[in-house]
Student: 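Before anything else, here's the structure in question.
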2 protein chains.
Amino acid sequence: MYLRMFKVITGEWERLWSTMARAADRLDAIREAHSLQSQSKNTDRMEDYLEVIYELIKKKGYATTVDISKHLSVSSPSVTKMLQKLDESGHLNYEKYRGIVLTEKGSEVAEGMHDKHNLLVEFLRMIGVKEEIANRDAEGIEHHLHPETLKKLTDFVRTAKKVRPR
Amino acid sequence: MYLRMFKVITGEWERLWSTMARAADRLDAIREAHSLQSQSKNTDRMEDYLEVIYELIKKKGYATTVDISKHLSVSSPSVTKMLQKLDESGHLNYEKYRGIVLTEKGSEVAEGMHDKHNLLVEFLRMIGVKEEIANRDAEGIEHHLHPETLKKLTDFVRTAKKVRPR
DNA sequence: TTTTAAGTTTAGCCCAAGCTAACAAACATA
DNA sequence: TATGTTTGTTAGCTTGGGCTAAACTTAAAA
Ligand SMILES: [Mn+2]
Ligand SMILES: [Mn+2]
Ligand SMILES: [Mn+2]
Ligand SMILES: [Mn+2]
């Protein structure tokens, strides 16, 4: 089997053998993970936009194109395009030049992101990660939490808070 | 669940509490997070391919196009294209129809992913997440860990294991 | 009320990463 | 050695999410 086969023959058999079982498990795990990507879900980016829009509305009562663009570090045309997409998908009602209103569907997604972000930062701070880095990592991780993981992490953080020293 | 494990984190509480007020401005935190995306980095997808290639080579001594495609649930042309890209970026040496060898650079990235994945699954299992879900989430989260977070989480898991090993 | 400035959208492009169909190389077997 | 099968690559298209430049709306100033 090609040139690599010779590597097996002449290679380090001990190392190969000792990690055989574990490597196999890992590959299965990875395949499982990559195959089970839930279909027809919101993209990470949609979630990011919804999260920012939600926070802006909470803070000022409305969310403008420029404000959104600043908080996501993207151009305003990118924001407009995403707003059209989120309107199309029913996450918000968008009237051009006029404004945005989150729908029930959009609010639910946004609140979900808010809560996950919160939880993650809280946990990361607990184990000693600095605020800024905690926020940066949370911004990425928040899109990859299975409901069960969310629940278990929530339980963990809540229990840990109970043992907070005076 | 690890009953005494909570003690581990209690030392961090003072610091966490003192920054709660600052944590309130969620919008600033989000802007900061999105603006600090380091340029010229490997994409998540590159990391996924490298991880799988690394595991396959560890297991069988070589990694074929078809095997990679199966473990990532993508078509073989997609794999070929990424192999060309990873060759171009110096992560591996690729000779078409012949085979792949990870370079030092590629191995480092791949081992990093392997370790992060490991760590994450270990942590998630600790707080009670089922193996399959732990693997799925780890597959997404592994790409979003700042070095400091990695270190702190490693410390946490190690300490927690000492508190109640096995 | 006209003019200007600020904000927003459209047009048209780019890039990563995916796909299918067609083609080519390598290997196995008669 | 000739030939069919398996595996891998190329060609060309699609989609999501970026971008800049140009056009358009709205709001503010003159
Ligand atoms: Mn995010
Ligand atoms: Mn967030
Ligand atoms: Mn991954
Ligand atoms: Mn992984």
Side-chain angles (χ1 to χ4, degrees), chain A residues 1-6 31 34-53 56 60-89 91-101 109 139-140 143, chain B residues 31 34-53 56 60-89 91-101 109 139-140 143:
Chain A
M1 185 55 211
Y2 303 157
L3 299 178
R4 302 292 73 71
M5 197 186 220
F6 293 106
R31 181 175 46 208
H34 282 285
S35 70
L36 283 174
Q37 59 224 353
S38 57
Q39 62 283 21
S40 149
K41 238 192 101 245
N42 314 320
T43 64
D44 293 3
R45 225 43 191 136
M46 289 167 71
E47 293 178 344
D48 279 334
Y49 277 87
L50 288 170
E51 184 186 7
V52 165
I53 291 164
L56 282 169
K60 322 203 291 180
Y62 56 89
T64 67
T65 300
V66 170
D67 266 0
I68 298 167
S69 82
K70 277 176 185 150
H71 286 280
L72 287 172
S73 298
V74 296
S75 69
S76 35
S78 298
V79 174
T80 298
K81 200 194 259 189
M82 183 58 91
L83 291 179
Q84 291 162 345
K85 179 178 187 171
L86 290 170
D87 178 273
E88 190 58 36
S89 64
H91 289 96
L92 49 79
N93 295 320
Y94 164 69
E95 279 176 280
K96 63 181 183 174
Y97 294 112
R98 295 262 144 242
I100 315 165
V101 183
V109 173
E139 203 50 57
H143 311 283
Chain B
R31 183 176 45 208
H34 283 285
S35 71
L36 283 174
Q37 61 225 355
S38 58
Q39 63 277 41
S40 145
K41 238 194 102 238
N42 313 320
T43 64
D44 293 3
R45 225 45 190 135
M46 288 168 71
E47 293 178 345
D48 279 333
Y49 277 87
L50 287 170
E51 184 186 7
V52 164
I53 290 165
L56 282 168
K60 321 203 289 183
Y62 56 89
T64 67
T65 300
V66 169
D67 267 0
I68 298 166
S69 82
K70 277 176 182 148
H71 286 280
L72 287 173
S73 298
V74 296
S75 68
S76 37
S78 297
V79 174
T80 297
K81 198 193 261 187
M82 182 59 90
L83 291 179
Q84 291 162 345
K85 177 178 189 171
L86 291 170
D87 178 273
E88 190 58 35
S89 63
H91 289 95
L92 49 80
N93 295 320
Y94 164 68
E95 281 176 279
K96 60 182 184 174
Y97 295 113
R98 296 260 143 239
I100 314 165
V101 184
V109 173
E139 201 52 56
H143 310 284

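Order of the sequence lines sets the chain letters (A, B, ...), proteins ahead of strands, with each chain counted from 1.
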Student: Taking CG from A:Asn42 and C1' from D:dG17, how many angstroms apart are they, rounded to a whole number?
Tutor: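 These atoms are roughly 15 Å apart.
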Student: Nearest heavy-atom pair of A:Asp87 and A:Tyr94: which atoms, and what distance?
Tutor: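 Here A:Asp87 and A:Tyr94 meet closest at OD2-N, 2.8 Å.
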Student: On the nucleotide C:dT10, are OP1 or OP2 found under 4.0 Å from the side-chain N or O atoms that A:Lys96 carries?
Tutor: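 It does, given that an N or O in the side chain of A:Lys96 lies less than 4.0 Å from OP1 or OP2 of C:dT10.
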Student: A:His143 and A:Glu139: which non-hydrogen atoms are nearest, and at how many Å?
Tutor: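 For A:His143 and A:Glu139, the tightest heavy-atom pair comes out as NE2-O, 3.1 Å.
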Student: Can you measure B:Ile68 atom CD1 to C:dG18 atom C1' for me and round it to whole angstrom units?
Tutor: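 One finds 16 Å between C1' of C:dG18 and CD1 of B:Ile68, rounded.
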Student: State, to 0.1 Å, how close B:Ala63 and B:Ile100 come at their nearest heavy-atom pair, and which atoms those are.
Tutor: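 Of all heavy-atom pairs spanning B:Ala63 and B:Ile100, the closest is O-CD1, 3.5 Å.
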Student: Which atom names give the shortest non-hydrogen contact between B:Leu83 and B:Leu92, and what distance separates them?
Tutor: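 That closest heavy-atom pairing would be O-CD1, 3.8 Å.
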Student: If you check the B:Lys85 side chain, which of C:dT9, D:dT9, C:dA16 turns out closest?
Tutor: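 Looking only at side-chain atoms, B:Lys85 lies closest to C:dA16.
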Student: Under 4.0 Å from OP1 or OP2 of D:dT10: is there any side-chain N or O of B:Thr80 that close?
Tutor: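 Negative; the distance criterion is not met.
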Student: Taking atom C1' of D:dT6 as reference, at what distance in whole Å does atom NZ of B:Lys70 sit?
Tutor: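 Computing the B:Lys70:NZ to D:dT6:C1' distance gives 11 Å.
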Student: Measuring to OP1 and OP2 of C:dA25, would you say a side-chain N or O of B:Arg98 lies under 4.0 angstrom away?
Tutor: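 So the side-chain polar atoms of B:Arg98 never come under 4.0 Å of the phosphate oxygens OP1 or OP2 of C:dA25.
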Student: On a plain distance test, is the side chain of B:Lys81 in donor-acceptor contact with the base of C:dG18 below 3.5 Å?
Tutor: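 For B:Lys81, whose side chain was compared with the base of C:dG18, there is a donor-acceptor pair (under 3.5 Å).
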Student: Distance check: side-chain N/O of B:Thr65 vs OP1/OP2 of D:dT9, anything under 4.0 Å?
Tutor: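 So the side chain of B:Thr65 is within the cut-off, an N or O lying under 4.0 Å from OP1 or OP2 of D:dT9.
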Student: Would you indicate which nucleotide in D:dT7, D:dG17, C:dA21 comes nearest to any side-chain atom of B:Pro77?
Tutor: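 Among D:dT7, D:dG17, C:dA21, the one nearest the side chain of B:Pro77 is C:dA21.
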Student: Could you tell me how far apart A:Tyr49 (OH) and D:dG16 (C1') are, to the nearest whole angstrom?
Tutor: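 These atoms are roughly 11 Å apart.
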Student: Does OP1 or OP2 of C:dG7 have a side-chain N or O of A:Thr64 closer than 4.0 Å?
Tutor: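 Negative; the distance criterion is not met.
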Student: Which atoms form the tightest heavy-atom contact between A:Ser89 and A:Met46, and what is the distance?
Tutor: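 That closest heavy-atom pairing would be OG-CE, 3.8 Å.
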Student: Which whole-number value in Å describes the distance from A:Gln84 CD to D:dG17 C1'?
Tutor: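 Atom-to-atom, A:Gln84 to D:dG17, this comes out as 13 Å.
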Student: Within this structure, what is the CG-to-C1' distance between B:Asp44 and C:dG18, rounded to whole angstrom?
Tutor: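 It works out to 15 Å between those atoms.
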Student: With a 4.0 Å cutoff (strictly under), does any side-chain N or O of B:Ser78 reach OP1 or OP2 of C:dG18?
Tutor: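 Checking C:dG18 against B:Ser78, no side-chain N or O comes under 4.0 Å of OP1 or OP2.
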Student: I want to confirm an ordering. Mapping A:Met46 and A:Tyr97 to their closest nucleotides on DNA chain D, which one lands closer to the 5' end?
Tutor: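 The answer here is A:Met46.
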Student: Taking only side-chain nitrogens and oxygens of A:Tyr94, does any of them come within less than 4.0 Å of OP1 or OP2 of C:dT9?
Tutor: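 A:Tyr94 to C:dT9 OP1/OP2: side-chain N or O found under 4.0 Å.
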Student: Quick check on D:dT7: is either OP1 or OP2 less than 4.0 Å from any side-chain nitrogen or oxygen of B:Tyr62?
Tutor: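 Indeed not, no polar side-chain atom of B:Tyr62 lies that close.
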